[in-house]
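Some notes on the structure that comes next.
Atoms within a ligand are numbered from 1 in the order they appear, just like the ligands themselves.
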Amino acid sequence: MKILNQHFTALKGVSKLSYQPEDHGVGIVHFGPGAFHRAHQAYYTHKVLSDFGGDWRILAMSLKSTQTVDDLNAQDGRYSLLIKSASGENEVQVVGSIAAAEAASRTTEKVFEHLASPQTHILSLTVTEKAYGIDRQSGLISHDHPDILHDLQNSDAPIGVIGMIVKGLALRRANALPPFTVLCCDNLPNNGDLVRSGVMDFAGKIDQELAQWIAEHGCFPNTMVDRITPAATADLLDNVSSMLGVEDKLAIETEPFTQWVIEDKFCGPRPEWEKVGVLLVDNVAPYEHMKLRMLNGAHSLIAYLGHVHGCKYVRDAMAHPHIEPLVRRHFQAAAKTLSPLPEVDFYEYAQQLAERFENPNIAHETYQIAMDGTQKLPQRIFSPAIDALKQGQAIDSFALATAAWIFYCYVGIHGHSVFGLDPYALRDPRETEIKNALEGIGSDAIVLRKALFGLSDFMPKELAESEAWCDQVTLKLACLLAGELDQLAG
Ligand code: CS2
């Protein structure tokens with residue numbers, strides 16, 4: 001939308017596009033063009049296009065929603081990214097790396113056309129943890145995931161992530177092209193390896209030769225992605241309209257900090273992301289552990305404690321006299337479970353995280369982060385807890401995060417007269433199971449703890465069988481139920 005760009009260019013503090021997006025071909029297909037993608041991968045690729053050019057525009061596909069797709073197409077893929085620093089200085093960048101968008105619920109024709117084209121080299125993904133339908137323990141596809149079930153029966157017309165990746169790869173093979181690199185950018189442990197494993201299992205079930213070809217030629221680098229990006233709200237869009245004098249339905253706010261670490265294991269060409277700040281490494285695991293355990297783990301702790309204690313935003317929890325010390329303690333507990341990373345001081349990283357969380361200009365809702373707890377806790381809280389147990393380190397902060405999640409589920413289902421909270425939706429794919437488990441069992445901490453530990457394939461054996469772990473979670477939960485937040489730091 002030319003108007004968007006012209007309006008922006010007239011305003012002070014707005015970086016206009018320094019390239020003509022239409023001059024650049026599409027080289028990437030991306031699934032999941034939500035706020036995070038637009039603040040992160042699309043931003044890095046935009047910087048490459050700005051500084052170095054290349055045919056690296058992105059064709060974006062939304063699996064579930066149609067609104068973002070319509071808005072993207074109406075704005076020619078352009079949108080403004082508001083980078084809000086703690087000091088109050090805002091920077092606005094117009095991003096031009098998204099070429100067009102499609103909604104899977106309508107048609108996937110253009111997406112598969114691009115996936116089968118020699119010009120496309122990468123399929124990147126930010127679809128959230130729950131969308132894949134891969135069992136985390138076995139790495140095999142989950143036969144109770146609706147998309148997987150559908151796609152196994154209809155592999156030519158898939159509706160889910162894994163089915164679509166496999167169809168895309170099958171088309172490449174049929175066209176005698178090398179595979180595209182599958183770049184998973186979701187907060188999952190060993191995200192590339194996990195997706196490879198699910199793809200291999202799915203492909204093996206529909207076409208053995210295809211599975212063999214993927215095994216030999218496929219590339220699924222692991223990645224670590226980081227940029228705090230709240231979901232866009234009506235307030236944000238109003239602010240942007242009045243600030244810029246133009247309506248931008250896709251505007252998003254984000255923080256100045258951004259990080260992307262990728263294993264340099266691509267099947268073909270890629271944008272020169274390393275020239276715009278991306279770290280290309282041999283092994284992402286230590287970075288990923290650091291981020292998942294310190295940032296995301298603390299985020300989950302904040303989300304569950306904060307939401308029930310009246311902290312609407314992360315920054316409010318960081319200003320809460322009892323919650324803030326617990327967050328700082330969590331950073332330290334998580335850091336103790338990590339292998340050293342050359343040139344990274346975990347203490348400084350923790351300091352930086354606290355400052356990022358405190359950013360007064362970022363309105364990151366605790367309720368947003370609280371979503372999908374069953375999908376997030378395993379890698380953020382349970383894995384470091386298992387390591388801490390093995391190494392004889394303190395587990396109380398991980399036990400607290402787990403108790404806080406149980407308490408959040410309990411309050412969501414029953415409400416809480418002491419906190420004056422009405423019930424709320426948990427927004428978790430296992431919400432019904434959680435509800436059933438907590439139905440009519442009262443409010444005793446042991447009983448509640450046992451009920452949620454009993455969810456199938458949820459609590460790892462190492463923790464479920466640890467008396468110390470079970471006791472700690474029960475103890476913390478009892479404090480929360482009694483409204484004794486001030487007792488938890490001890
Ligand atoms: C958050 C993440 O919503 C959540 O679960 O913890 O989205 C977090 O903001 C990002 O991973 C930061 O990079």
Side-chain angles (χ1 to χ4, degrees), residues 32-44 81 83-84 124-132 184-191 222-233 236 252-262 277-279 284 287-307 311-318 323 327 330-331 334 349-350 352-359 361-384 398 401-402 404-405 408 425-429:
F36 184 74
H37 169 67
R38 304 204 303 277
H40 194 271
Q41 302 92 36
Y43 162 81
Y44 279 105
L81 183 64
I83 304 175
K84 297 173 113 184
S124 54
L125 306 131
T126 48
V127 290
T128 78
E129 297 90 336
K130 62 178 175 280
Y132 291 90
C184 174
C185 298
D186 279 296
N187 285 321
L188 283 161
N190 307 316
N191 53 9
N222 293 303
T223 69
M224 181 270 249
V225 293
D226 190 8
R227 191 167 215 182
I228 290 173
T229 309
T233 58
L236 166 72
I252 26 168
E253 65 177 19
T254 192
E255 58 172 348
F257 182 94
T258 180
Q259 193 172 27
W260 196 3
V261 189
I262 311 177
V278 176
L279 203 57
V284 154
Y287 294 93
E288 178 225 274
H289 281 162
M290 172 182 80
K291 194 254 170 175
L292 278 178
R293 294 179 176 194
M294 291 183 70
L295 187 156
N296 297 112
H299 249 179
S300 290
L301 175 70
I302 289 174
Y304 300 121
L305 280 183
H307 185 71
C311 304
K312 182 164 187 206
Y313 300 115
V314 171
R315 64 186 185 211
D316 302 335
M318 294 305 284
I323 299 181
V327 176
H330 194 85
F331 290 145
Y349 183 70
Q352 191 183 35
L353 288 180
E355 282 164 27
R356 291 171 64 194
F357 289 2
E358 283 161 0
N359 186 335
N361 300 310
I362 295 285
H364 199 190
E365 287 197 15
T366 49
Y367 190 45
Q368 179 191 336
I369 301 168
M371 185 190 287
D372 294 343
T374 57
Q375 312 296 301
K376 293 175 176 175
L377 290 179
Q379 59 275 20
R380 297 177 178 204
I381 303 296
F382 301 159
S383 292
F398 308 112
T402 307
W405 172 74
Y408 168 87
L426 303 181
R427 303 195 298 175
D428 189 294

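Checked for salt-bridge contact, Arg315 and Glu358 miss the test: no charged N lies under 4.0 Å from a carboxylate O. Salt-bridge annotation for Lys130 and Asp186: absent, with no side-chain N of the basic residue lying under 4.0 Å from a carboxylate O of the acidic one.
Close N/O approach between Thr229 and ligand 1 is not found [any backbone or side-chain N/O within under 3.5 Å]. In terms of polar-atom proximity, defined here as any N/O pair under 3.5 Å, Arg227 does make such a contact with ligand 1.
At least one side-chain heavy atom of Val314 sits under 4.5 Å from a side-chain heavy atom of His299. Contact check for Ile262 versus Leu279: no side-chain heavy atoms found under the 4.5 Å cut-off.
Not counting sequence neighbours, the partners of Thr229 by the side-chain hydrogen bond (donor to acceptor under 3.5 Å, both in side chains) test are Thr254.
Which of Thr254, Ile369, Ile228, Asn296 comes nearest to atom 8 (C) of ligand 1 through a heavy atom is settled by distance: it is Asn296. Comparing Thr128, Asp186, Asn187 against atom 7 (O) of ligand 1, the shortest heavy-atom distance belongs to Asn187.
The nearest heavy-atom contact from the protein to atom 1 (C) of ligand 1 is His299 ND1, 3.3 Å. The nearest heavy-atom contact from the protein to atom 10 (C) of ligand 1 is Lys291 NZ, 3.7 Å. Nearest non-hydrogen protein atom to atom 13 (O) of ligand 1 is Asp226 OD1, 2.5 Å.
A cation-pi arrangement, defined by a distance under 6.0 Å to the six-membered ring centre and an angle within 45 degrees of its axis, is present between Arg227 and Tyr43.
Proximity of Arg380 to ligand 1, defined as any heavy-atom pair under 4.0 Å, is confined to the side chain (atoms from C-beta onward). When heavy-atom distances to ligand 1 are checked against a 4.0 Å cut-off, Lys376 comes that close only through its side chain, counted from C-beta outward.
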Full working for side chain to side chain donor-acceptor pair (under 3.5 Å) between Lys291 and Asn296 | CA-CA 6 Å; Lys291 194 254 170 175; Asn296 297 112; 3.1 Å; yes

